[in-house]
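Numbered from 1 within each chain, the chains take letters A, B, ... in sequence-line order.
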2 protein chains.
Amino acid sequence: MNQQLRMTKQRAAVAGALDATDEFRSAQQLHELLRDRGDAVGLATVYRTLQALAAGGEVDVLRTDDGEALYRRCARTEHHHHLVCRSCGHAVEIDGPTVESWAVRVGASQGFSDIEHTIELWGTCADCRAAAAHSG
Amino acid sequence: MNQQLRMTKQRAAVAGALDATDEFRSAQQLHELLRDRGDAVGLATVYRTLQALAAGGEVDVLRTDDGEALYRRCARTEHHHHLVCRSCGHAVEIDGPTVESWAVRVGASQGFSDIEHTIELWGTCADCRAAAAHSG
DNA sequence: CCAAGGCTGAGAATCGTTCTCATGACTCGC
DNA sequence: GCGAGTCATGAGAACGATTCTCAGCCTTGG
Ligand SMILES: [Zn+2]
Ligand SMILES: [Zn+2]
Ligand SMILES: [Zn+2]
Ligand SMILES: [Zn+2]
């Protein structure tokens with residue numbers, strides 16, 4: 001089926017970078033991370049790889065307030081949402097069982113079909129709050 | 001307070017365009033709309049005005065999957081969410097009372113502060129579905 | 001080891017959005 | 001009405017993120 005996907009050093013590097021962190025990261029951050037690590041990979045390749053991983057459901061993508069895409073390889077591939085620190089990207093996977101059914105119900109009641117939902121929580125994690133307190 | 005804001009023909013035009021539609025629209029769509037209408041307004045001004053309106057809570061902003069910002073003047077200014085048609089932008093304002101408390105609770109339980117939530121539902125409205133059925 | 005075709009990366013190109021700055025429009029006091 | 005002081009406008013440049021181009025490289029199957 002997708003036998004045409006080749007395992008290259010670059011893809012492994014990107015996947016490795018994703019596995020190495022627990023935080024949501026932008027394509028550019030991952031690109032820099034790889035460069036610093038010594039596994040330099042072209043920016044275009046980073047984007048392409050993330051795109052492929054996202055399409056395959058292997059990484060989660062979300063958008064910051066200003067539209068930048070952030071990626072993260074979550075522990076599970078089943079549907080879930082996130083609570084993300086807006087300053088460091090640290091994330092916690094969360095479930096919202098009642099939210100799921102609510103979304104479907106509301107959508108259907110308005111005559112809409114193919115309902116999907118975007119549900120993400122943003123906040124400041126304990127570490128970042130402590131850091132801010134010290135400097136502020 | 002904000003007495004330094006002047007009511008200009010351009011701002012009125014943008015506000016008018018927003019009032020004239022019930023759908024979420026991008027800055028560029030509004031810009032074209034105004035041009036077609038005869039109330040040509042510079043693109044930069046459209047962006048600036050939308051920004052100001054959004055800052056003042058007079059219009060709602062949301063981001064499409066690919067990061068583009070969409071704006072809409074909703075009937076109410078109190079906190080609410082939306083069910084948006086991904087093909088025409090038609091939107092319905094919705095409430096999620098249980099969702100609100102869930103968001104706060106989950107955020108706090110993980111040690112995060114300043115919790116905010118992004119909750120939007122996407123779907124295909126009845127009209128667009130009908131249109132798609134005819135052509136497909 | 002080879003051919004075939006996916007993969008890569010530097011740089012150009014897009015695209016949405018913001019910035020710059022010279023010019024225009026308001027406001028207010030006279 | 002008139003001018004100074006300001007805020008607003010708009011054309012175009014600048015930006016930042018992402019995508020595209022395409023020639024050369026590398027993985028894979030045999
Ligand atoms: Zn944090
Ligand atoms: Zn969900
Ligand atoms: Zn709204
Ligand atoms: Zn809410």
Side-chain angles (χ1 to χ4, degrees), chain A residues 1-18 23-56 58-72 84 86 89, chain B residues 1-18 23-56 58-72 84 86 89:
Chain A
M1 191 67 165
N2 54 354
Q3 199 54 52
Q4 67 279 10
L5 284 185
R6 293 178 179 175
M7 173 56 74
T8 65
K9 174 179 324 183
Q10 288 87 338
R11 290 194 195 171
V14 172
L18 282 168
E23 281 84 46
F24 268 96
R25 295 279 178 246
S26 70
Q28 318 229 17
Q29 286 178 318
L30 289 167
H31 176 240
E32 282 178 39
L33 206 98
L34 288 166
R35 172 152 43 62
D36 297 348
R37 250 192 185 195
D39 303 313
V41 173
L43 181 56
T45 299
V46 173
Y47 273 106
R48 276 184 298 237
T49 303
L50 289 173
Q51 204 168 265
L53 289 173
E58 295 201 50
V59 300
D60 284 358
V61 192
L62 54 79
R63 299 249 170 202
T64 62
D65 262 356
D66 51 297
E68 189 178 10
L70 300 182
Y71 306 82
R72 176 183 194 254
V84 189
R86 61 171 80 73
Chain B
M1 190 71 164
N2 52 357
Q3 200 53 51
Q4 68 280 13
L5 282 185
R6 294 178 179 173
M7 175 54 73
T8 65
K9 174 178 326 182
Q10 289 86 339
R11 297 220 245 246
V14 173
L18 282 168
E23 282 83 47
F24 269 96
R25 294 279 177 246
S26 71
Q28 317 226 21
Q29 286 179 319
L30 289 167
H31 176 239
E32 282 178 39
L33 206 99
L34 289 166
R35 172 152 45 61
D36 296 349
R37 251 192 184 192
D39 303 312
V41 173
L43 181 57
T45 299
V46 173
Y47 272 107
R48 274 185 299 238
T49 304
L50 288 172
Q51 204 168 266
L53 290 172
E58 295 201 53
V59 299
D60 285 359
V61 192
L62 54 79
R63 299 248 170 205
T64 62
D65 262 356
D66 50 298
E68 189 178 8
L70 300 182
Y71 306 82
R72 177 183 194 253
V84 189
R86 60 171 83 73

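Look at CG on A:Leu62: it is 16 Å from C1' on D:dA17, rounded to the nearest Å. In this structure, CG of A:Leu53 is placed 12 Å from P of C:dC7, rounded to the nearest angstrom. Per the geometry, CG belonging to A:Asp65 stands 16 Å off C1' belonging to D:dA17, to the nearest Å. Rounded to an integer number of Å, the gap from CG of B:Asp39 to P of D:dG10 is 11 Å. The nearest whole Å value for the distance from the CZ atom in A:Arg25 to the P atom in D:dA17 is 15 Å. The CD-P distance, from B:Glu68 to D:dT19, rounds to 14 Å in whole Å. In this entry the distance linking CZ of B:Arg35 with P of D:dG10 reads 13 Å, nearest Å. Taking atom CG of residue B:Asp66 and atom C1' of nucleotide D:dA17, one finds them 12 Å apart after rounding to whole Å.
Shown here are the salt bridge (charged side-chain N to carboxylate O under 4.0 Å, His left out) partners of A:Arg86, two or more places apart in sequence or in another chain: B:Glu116. Applying the side-chain contact (heavy atoms from CB on, under 4.5 Å) criterion to A:Ala54, with sequence neighbours excluded, gives A:Val59, A:Val61. Remark: B:Glu23 engages B:Arg25 in a salt bridge (charged side-chain N to carboxylate O under 4.0 Å, His left out) (not counting sequence neighbours). With sequence neighbours left out, B:Ala52 forms a side-chain contact (heavy atoms from CB on, under 4.5 Å) with no residue at all. Under the rule for a salt bridge (charged side-chain N to carboxylate O under 4.0 Å, His left out), B:Glu68 has no partner lying at least two apart in sequence or in another chain.
Pairs engaging residues 29-42 of chain B under the side-chain hydrogen bond (donor to acceptor under 3.5 Å, both in side chains) rule: none recorded [sequence neighbours left out].
Remark: A:Tyr47 is not in phosphate contact with D:dT19, judged by side-chain N or O atoms under 4.0 Å from OP1 or OP2. Of the side-chain N and O atoms in B:Gln51, one or more sit less than 4.0 angstrom from OP1 or OP2 of C:dT18.
Inter-residue side-chain proximity for B:Tyr71 and B:Asp60 is flagged as unmet; no heavy-atom pair is nearer than 4.5 Å.
In this structure, A:Met7 reaches the sugar-phosphate backbone alone: every heavy-atom distance under 4.0 Å involves primed, P, OP1 or OP2 atoms, never a base.
Counting all heavy atoms, side chain and backbone alike, A:Gly89 lies closest to A:Val84 at O-CG1, 3.9 Å.
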May I have the list of side-chain donor-acceptor pairs in residues 44-51 of chain B shorter than 3.5 Å, sequence neighbours left out?
| residue | atom | partner | partner atom | Å |
| --- | --- | --- | --- | --- |
| B:Thr45 | OG1 | B:Arg48 | NH2 | 3.3 |
| B:Tyr47 | OH | B:Gln28 | NE2 | 3.4 |
| B:Thr49 | OG1 | B:Thr45 | O | 2.7 |

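In the set C:dT17, D:dT28, D:dG5, the nucleotide with an atom closest to the side chain of B:Arg6 is D:dG5.
Within the helix from C:dC1-D:dG30 to C:dC30-D:dG1, the inter-axis angle between the opening and closing five-pair segments is 30°, rounded to 10°.
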Between the protein and nucleotides 8-10 of chain C, are there any N/O to N/O pairs under 3.5 Å, and if so, what are the atom names and distances?
| residue | atom | partner | partner atom | Å |
| --- | --- | --- | --- | --- |
| C:dT8 | OP1 | A:Thr8 | OG1 | 2.7 |
| C:dT8 | OP2 | A:Arg11 | NH2 | 3.4 |
| C:dT8 | O3' | A:Gln10 | NE2 | 2.9 |
| C:dG9 | OP1 | A:Gln10 | NE2 | 3.3 |
| C:dG9 | OP2 | A:Gly42 | N | 3.0 |
| C:dG9 | OP2 | A:Thr45 | OG1 | 2.7 |
| C:dG9 | N7 | A:Arg48 | NH2 | 2.6 |
| C:dG9 | O6 | A:Arg48 | NH1 | 3.2 |

